[in-house]
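First the structure, in the form of structure tokens, and then the observations on it.
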Protein chains: 2
Amino acid sequence: MPSKLFVSAQEVAERAGVSRSAVSRTFTPGASVSADTRRRVLEAAEALGYHVNHLARGLMRNESGIVCLIVSDVATPYRSALLRELTIQLQNAGKVAMFVNTDRSDGSVDRALQQAIRYRADASIILSGLPDKSITQLCLRSGQRLVLINRDDDQPGPLKINLDDYESGGRIATAFVRAGCKTLAFANSEAGTPSLMGRERGFIAAATKLGLEVVVERYGSTGYEAGRVLAQRMLTRAERPDGVFCATDLLACGFMDAARHQFGLSIPDQLCVAGFDDIEQASWSSFNLTTFAQPVMAIATQAVKWLASGGHEDEPEEAHSVRLKAELIWRGSIRKG
Amino acid sequence: MPSKLFVSAQEVAERAGVSRSAVSRTFTPGASVSADTRRRVLEAAEALGYHVNHLARGLMRNESGIVCLIVSDVATPYRSALLRELTIQLQNAGKVAMFVNTDRSDGSVDRALQQAIRYRADASIILSGLPDKSITQLCLRSGQRLVLINRDDDQPGPLKINLDDYESGGRIATAFVRAGCKTLAFANSEAGTPSLMGRERGFIAAATKLGLEVVVERYGSTGYEAGRVLAQRMLTRAERPDGVFCATDLLACGFMDAARHQFGLSIPDQLCVAGFDDIEQASWSSFNLTTFAQPVMAIATQAVKWLASGGHEDEPEEAHSVRLKAELIWRGSIRKG
DNA sequence: TTATGGATTGCACGCAAGTGCAACTCGATG
DNA sequence: CATCGAGTTGCACTTGCGTGCAATCCATAA
């Protein structure tokens with residue numbers, strides 16, 4: 001029970017000695033108001049601390065200005081960097097970001113989308129998990145736009161933004177071979193998302209073509225600890241790998257730390273490592289990791305541009321899929337060939 | 001121009017053969033509806049994909065369920081960890097998080113709060129910057145609750161959550177002395193926020209009491225790069241410090257990397273280092289940093305508890321200030337005394 | 001059979017905004 | 001002076017929902 005309530009347009013109208021319509025028009029760009037009325041309304045609004053109620057405005061216009069971000073693992077460097085860029089660009093586009101954390105059990109993506117519907121979000125951007133097809137349909141039917149980032153789904157309707165994971169895997173294989181690596185390995189998590197698997201398949205395919213086999217090991221999440229475990233498993237093998245592509249930078253950091261501090265290996269002399277994401281820590285001199293940069297800014301730009309343009313449903317389905325290139329950031333964890 | 005609109009209660013009512021009131025009551029806990037009516041409404045709602053419009057509900061109830069999070073530097077480990085915990089706990093409390101990024105120019109905190117007012121947020125949680133007193137007043141007058149985290153402001157009204165920064169500084173000074181350090185230093189950023197300055201003052205005061213002087217250097221932001229620069233400045237001094245307290249973990253990481261890789265120093269043998277925040281990287285074996293843990297969970301719990309309880313204005317002002325303890329996490333960057 | 005009471009239901013109004021339409025003002029023109 | 005037209009203004013209705021009030025229903029008691 002708040003002691004006082006928000007200031008309404010009615011109160012402003014009374015203070016300014018005009019009708020409520022005049023207040024509404026003053027805050028509606030393009031509406032017809034005389035300069036004098038406008039000034040008096042603005043004065044009164046300023047004095048009372050009036051701010052248009054976007055809940056009510058959204059009700060009328062059937063457009064809330066809210067964009068829902070559906071995310072898990074927010075505390076992860078890559079995720080938080082993407083989040084940062086998305087929120088900034090959304091704000092610049094005049095939208096507001098609603099945040100739904102899906103760190104809990106599965107199916108929570110569906111519950112997140114229900115939240116988005118309840119608050120009549122103009123759009124939802126999904127960074128984690130995959131919604132059930134029925135919910136996706138409901139969103140689209142309701143006129144809510146959908147963006148899937150690195151989700152690689154085949155449902156028609158949502159905008160899908162993906163990277164060239166497969167090709168990236170290939171480029172790193174080449175780099176390892178140039179560096180003179182003899183035994184390649186791919187360190188992956190058990191998550192099995194399309195992005196991770198794409199890197200794995202591309203790496204294996206290219207290595208095979210170059211005449212090398214690849215040891216693949218999958219364990220746990222995509223974090224630092226999993227990287228350590230993977231290092232322990234891989235570096236105790238009879239035939240120790242000397243070129244390891246880690247599916248994410250966090251895995252790579254864990255892998256490198258274990259390789260150095262537990263196995264006493266020197267990087268890149270005895271072991272070449274590459275990662276993916278280009279998180280901030282990859283550039284730290286303790287890691288100096290050669291990796292692929294997620295085009296975070298481009299991803300956000302594409303998503304927001306599409307939302308702002310109100311991308312129509314009558315576009316061809318091809319227009320609903322964007323493929324961006326991950327730039328190879330060359331640092332010191334791979335020997336120069 | 002969406003092709004179709006969201007389903008309204010009216011449509012559900014028609015399909016279920018009842019009045020719109022019945023639909024409304026079905027979704028209002030505690031309202032009077034017969035089991036039969038309820039069932040028919042729920043069936044119709046399910047079939048049509050109906051979800052209560054929270055914008056309209058918020059309009060009626062004068063309680064939107066929205067909590068606005070005002071943040072900068074989201075991509076930073078500590079910030080994103082706090083954010084993660086806040087969103088999870090807010091969701092558990094039935095609230096929705098609105099996200100405003102203030103990475104831009106100053107004064108944007110004020111603009112962020114205006115957003116919060118426009119969307120009639122029930123509360124705002126401020127993690128960065130300080131709002132102007134006039135806006136704070138407007139929020140409170142409007143019945144919006146305010147939480148300041150590590151902001152240390154003296155305005156009455158908002159809930160203020162802070163740590164024992166000063167005492168922590170003191171504890172680390174003692175640890176350095178026990179480790180046999182002779183020349184102490186404090187590596188700070190130029191940000192000059194109360195938290196950072198509190199750690200600095202506490203450290204200096206305790207060291208002085210123990211008979212040691214402290215070299216203080218301030219530079220740049222609270223990030224990794226600033227830590228490197230600070231190391232360069234401090235470690236080239238005639239009297240090289242052998243015990244350095246860094247105001248944040250990121251500073252410490254940069255400091256350690258420069259100390260090892262540029263100056264060839266061994267930690268903790270030749271140099272003891274401590275940080276603050278206990279970011280994930282502090283536990284990585286490359287750093288193994290002794291540091292203070294931000295009680296992220298406790299902070300979020302306090303904030304959400306206060307919001308959920310609807311903390312009344314007639315509470316004594318003391319109840320508006322919470323002081324939490326930062327736990328010392330002992331790792332390997334300080335010699336055992 | 002009628003009265004009583006509790007549970008259920010619908011009507012109508014209100015929340016805070018946007019907007020079509022008609023009425024109004026005012027200056028310029030005929 | 002009457003007419004025209006452009007520019008303002010206010011009325012009234014709309015959005016989707018919650019809720020007080022009065023009417024209704026039905027089962028039980030008198």
Side-chain angles (χ1 to χ4, degrees), chain A residues 1-2 4-41 44-45 48-66 117-122 142-144, chain B residues 1-2 4-41 44-45 48-66 117-122 142-144:
Chain A
M1 182 175 54
K4 273 173 193 167
L5 282 83
F6 292 92
V7 181
S8 77
Q10 184 61 50
E11 301 174 51
V12 177
E14 278 161 18
R15 175 161 181 140
V18 297
S19 78
R20 202 188 51 70
S21 307
V23 178
S24 183
R25 281 191 248 266
T26 300
F27 291 98
T28 303
S32 167
V33 210
S34 71
D36 185 56
T37 305
R38 177 181 208 80
R39 188 184 47 73
R40 289 165 63 191
V41 168
L48 295 173
Y50 169 75
H51 289 267
V52 176
N53 185 335
H54 274 48
L55 267 51
R57 169 179 283 184
L59 202 57
M60 266 299 306
R61 292 213 183 136
N62 208 50
E63 181 183 355
S64 61
I66 297 175
I117 293 178
R118 280 195 277 269
Y119 278 95
R120 298 302 189 258
D122 298 337
S142 307
Q144 184 177 108
Chain B
M1 181 173 54
K4 275 172 190 165
L5 281 84
F6 291 92
V7 181
S8 76
Q10 183 62 51
E11 302 174 51
V12 177
E14 278 160 19
R15 175 162 181 137
V18 298
S19 76
R20 203 187 50 70
S21 306
V23 178
S24 182
R25 280 191 249 265
T26 300
F27 292 99
T28 303
S32 166
V33 210
S34 71
D36 185 54
T37 306
R38 176 182 211 80
R39 187 184 48 73
R40 290 165 62 193
V41 169
L48 295 173
Y50 169 75
H51 289 268
V52 176
N53 186 332
H54 273 47
L55 267 49
R57 170 177 280 183
L59 204 56
M60 266 300 305
R61 292 211 181 139
N62 207 51
E63 180 181 359
S64 61
I66 296 174
I117 293 178
R118 281 195 277 268
Y119 279 92
R120 299 305 190 255
D122 298 339
S142 306
Q144 185 176 106

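What's counted below: heavy atoms across the whole structure, side chains too, no hydrogens, waters or symmetry copies. A, B, ... follow the sequence lines: proteins, then strands. Residue 1 opens every chain.
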Under 4.0 angstrom between [X] side-chain N/O and [N] OP1 or OP2:
| X | N | value |
| --- | --- | --- |
| A:Ser21 | D:dG10 | no |
| A:Tyr119 | D:dG16 | no |
| B:Ser32 | C:dT8 | yes |
| B:Ser24 | D:dT19 | no |
| B:Arg57 | D:dC17 | no |

Earlier contact from the 5' end, DNA chain C, for B:Ala56 and B:Arg38: B:Arg38
Rounding to an integer number of Å, can you tell me how far [X] [atom1] sits from [N] [atom2]?
| X | N | atom1 | atom2 | value |
| --- | --- | --- | --- | --- |
| B:Leu55 | D:dG16 | CG | C1' | 10 Å |
| B:Arg61 | C:dC15 | CZ | P | 17 Å |
| B:Leu59 | D:dT19 | CG | P | 13 Å |
| B:Asp36 | D:dC26 | CG | P | 12 Å |
| B:Arg20 | D:dT15 | CZ | P | 11 Å |
| B:Phe6 | D:dG16 | CZ | C1' | 13 Å |
| A:His54 | C:dC15 | NE2 | C1' | 18 Å |
| B:Met60 | C:dA17 | CE | C1' | 15 Å |

Flag, side chain of B:Gln144 to backbone of B:Ala121, donor-acceptor distance under 3.5 Å: yes
Closest-nucleotide 5' rank along DNA chain D - winner of A:Ala35 and B:Thr28: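 Upstream on the strand: A:Ala35.
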Side chain of [X] only, please: which of [options] is the nearest?
| X | options | answer |
| --- | --- | --- |
| B:Val33 | D:dT9, C:dC15, C:dT9 | C:dT9 |
| A:Asn53 | D:dG10, C:dA16, D:dG18 | C:dA16 |
| A:Arg25 | C:dG20, D:dT15, D:dC17 | C:dG20 |
| A:Thr37 | C:dA17, D:dT8, C:dT9 | D:dT8 |

If you compare all heavy atoms of [X] against all heavy atoms of [Y], which two are closest, and at what distance to 0.1 Å?
| X | Y | result |
| --- | --- | --- |
| A:Phe27 | A:Arg57 | O-NH2, 3.0 Å |
| B:Val18 | B:Val41 | CG2-CG2, 4.0 Å |
| B:Ala9 | B:Tyr50 | N-CE1, 3.4 Å |
| A:Ile66 | B:Tyr119 | CG1-CE2, 3.8 Å |

Touch class at under 4.0 angstrom, heavy-atom based, for A:Val23 against every strand present: nothing
Polar pair under 3.5 Å, donor/acceptor by atom type, side chain A:Arg120, base D:dG16: no
Stepwise side chain to side chain contact (heavy atoms under 4.5 Å, CB included) check, A:Thr26 with A:Arg40: CA-CA 10 Å; A:Thr26 300; A:Arg40 289 165 63 191; over 6 Å; no
